[in-house]
2 protein chains.
Amino acid sequence: MSTNAKEAILAAARKTAQAHGYGGLSYRDLAAEVGIKAASIYHHFASKADLGAAVARRYWEDTAAELDAMLAEISDPVRCLHRYPDIFRRSLEDGNRLCLCSFMSAEYADLPEVVQREAQHFAEVNIAWLGKVLVLAGMAEPEGSEARARAIFAAVSGAQLYARSRSDVSQFDALIESYRTSGLLPA
Amino acid sequence: MSTNAKEAILAAARKTAQAHGYGGLSYRDLAAEVGIKAASIYHHFASKADLGAAVARRYWEDTAAELDAMLAEISDPVRCLHRYPDIFRRSLEDGNRLCLCSFMSAEYADLPEVVQREAQHFAEVNIAWLGKVLVLAGMAEPEGSEARARAIFAAVSGAQLYARSRSDVSQFDALIESYRTSGLLPA
DNA sequence: ATTTCCCTACCTATCGTTAGGCAGGGTGAA
DNA sequence: TTCACCCTGCCTAACGATAGGTAGGGAAAT
């Protein structure tokens with residue numbers, strides 16, 4: 001655990017934050033999970049704000065890489081759009097967890113600025129990717145693609161939030177299906 | 001403040017919870033806002049869980065009354081649907097606050113059961129009303145109206161969450177407009 | 001006389017954070 | 001080769017602040 005302690009902290013903090021938010025992050029619990037003492041975390045992160053920002057940054061970095069990999073693997077943009085909600089679905093399957101960005105959007109008023117910025121960047125990454133893929137799929141003109149991408153991102157976030165409050169992944173699936181029926185997402 | 005202390009606590013707690021969540025509710029802060037001492041709150045609410053549940057219950061009761069009043073006043077169901085997002089918009093205008101139910105959905109894992117139930121009921125009230133109005137507007141068959149209502153509720157919640165993370169009500173307006181363009185909401 | 005409403009004073013638990021130290025490895029000078 | 005020095009990574013112990021909650025009493029209203 002020595003050289004990987006920092007990574008272990010980041011991973012544990014991400015999982016906790018997706019279930020209990022930034023406010024739910026506790027140095028003592030986090031340290032216990034990693035196998036060190038609370039004070040030792042300060043060797044890797046200068047403050048809770050720094051830790052939170054690092055977790056959020058890593059979160060959107062990983063998501064950006066995942067989205068790019070998906071587009072590279074599945075060349076068909078329509079199929080990419082079809083698979084997009086799976087990213088949110090996976091969080092629900094993994095212990096009924098929420099998107100970190102959604103949780104931090106709720107906690108927004110109590111977040112240090114550095115954390116706010118990184119959380120916002122997750123949304124920007126998603127919207128930029130969706131906008132690009134929408135144009136590739138011929139489903140939007142370049143001018144209107146970002147607005148449409150934002151709508152999809154917000155709606156999928158809302159679906160995840162609702163499904164979490166029911167502890168029921170099938171509610172998420174049903175909502176995504178409704179989005180397709182109504183025309184927000186490609187059928 | 002004597003006879004109205006309970007109501008004053010409920011009102012203050014609601015405002016705080018919409019900005020900082022159930023976890024952000026503090027007996028000391030709440031009492032200071034109302035003009036009494038923290039321990040005195042226990043005369044009105046047996047525990048924080050009880051207070052949270054009472055706040056959430058009052059929240060959906062008020063919303064249910066507001067929705068019914070809207071439908072009674074504006075007989076046209078299509079215009080009702082058009083005005084529905086305004087309820088969420090108003091929270092954002094009032095100090096960038098979130099729907100209590102959305103905040104509690106994020107906090108779901110850390111909520112006492114009584115609070116969970118009341119928070120869920122808010123969604124049920126909204127979905128039932130939307131389903132009814134969708135049928136009245138001829139926009140859905142009775143069988144599929146609830147699924148469509150849920151989709152609208154989740155999407156509008158997501159739009160509010162996104163707009164909050166940007167502290168920008170116009171982002172909410174733009175998202176609602178996108179929902180109309182894409183067909184999720186009536187144009 | 002009893003209930004209502006609020007008080008002071010205090011409890012225990014947990015929070016992020018700090019001070020200071022200890023063991024081990026790497027490095028440069030003698 | 002050996003010794004002094006510093007960095008890394010972690011530790012123990014404690015800090016002040018804040019959390020929800022409790023015990024018991026005072027004063028006013030019924």
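Letters A, B, ... are given to chains in the order of the sequence lines, protein chains preceding strands, and every chain is numbered from 1.
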> Heavy atoms under 4.0 Å, any strand shown: does A/Leu25 hit a base, just sugar-phosphate, or nothing?
Replying inline: sugar-phosphate
>> Quick check for you: among C/dG16, D/dC10, D/dG21, whose closest atom lies nearest to any side-chain atom of B/Tyr27?
In response: D/dG21
> Where each residue is assigned the nucleotide of DNA chain D containing its nearest heavy atom, which of A/Arg28 and A/His43 is assigned the position nearer the 5′ end?
Replying inline: A/His43
> Between D/dC10, D/dC11, D/dG20, which nucleotide gets closest to the side-chain atoms of A/Ala5?
Replying inline: D/dC10
>> Output the rounded distance in Å from NZ (A/Lys37) to C1' (C/dT18).
In response: 17 Å
>> I need the single residue from A/Arg14, A/Lys15, A/Arg89 that forms a salt bridge (Lys or Arg N to Asp or Glu O under 4.0 Å) with A/Asp94. Which is it?
In response: A/Lys15
> Quick one: A/Leu30 CG to C/dC15 C1', roughly how many Å, whole number?
Replying inline: 13 Å
> Between B/Arg180 and B/Glu177, is there a side-chain N and carboxylate O pair less than 4.0 Å apart?
Replying inline: yes
> Rounding to a whole Å, what distance do you find between B/Phe45:CZ and D/dT22:C1'?
Replying inline: 19 Å
> Between C/dA19, D/dG21, D/dA19, which nucleotide gets closest to the side-chain atoms of A/Ala39?
Replying inline: C/dA19
> Quick one: B/Leu51 CG to D/dG20 P, roughly how many Å, whole number?
Replying inline: 10 Å
>> Testing the 3.5 Å rule here: is there a donor-acceptor pair between the side chains of A/Ser182 and B/Tyr179?
In response: no
> Do any of residues 105-118 of chain B sit with a heavy atom less than 4.0 Å from DNA chain C, and if so which?
Replying inline: none
> Does B/Ser40 have a side-chain nitrogen or oxygen under 4.0 Å from the phosphate oxygens OP1 or OP2 of C/dC5?
Replying inline: no
> From the list C/dT17, D/dC10, C/dC15, which nucleotide is the closest neighbour of the side chain of A/Ser26?
Replying inline: C/dC15
>> Measuring from atom OG1 of B/Thr63 to atom NE2 of B/His121, what distance do you get when rounded to the nearest 0.5 angstrom?
In response: 11.0 Å
> Does a nitrogen or oxygen in the side chain of B/Lys48 sit under 4.0 Å from OP1 or OP2 of D/dG20?
Replying inline: yes
> Nearest heavy-atom pair of B/Val135 and B/Ser145: which atoms, and what distance?
Replying inline: CG2-CB, 3.6 Å
> Parallel, tilted or perpendicular: which describes the rings of B/Phe122 and B/Phe153, with under 30° parallel and over 60° perpendicular?
Replying inline: tilted
> In whole Å, what is the span from the OH atom of B/Tyr42 to the P atom of D/dA23?
Replying inline: 12 Å
> Would you say A/His44 reaches D/dT8's phosphate, i.e. side-chain N/O to OP1/OP2 under 4.0 Å?
Replying inline: no
>> Rounded to whole Å, how long is the line connecting atom CD1 of B/Ile41 with atom P of D/dT22?
In response: 14 Å
> Do the side-chain N and O atoms of B/Asp110 and B/Tyr22 include a donor-acceptor pair separated by under 3.5 angstrom?
Replying inline: no
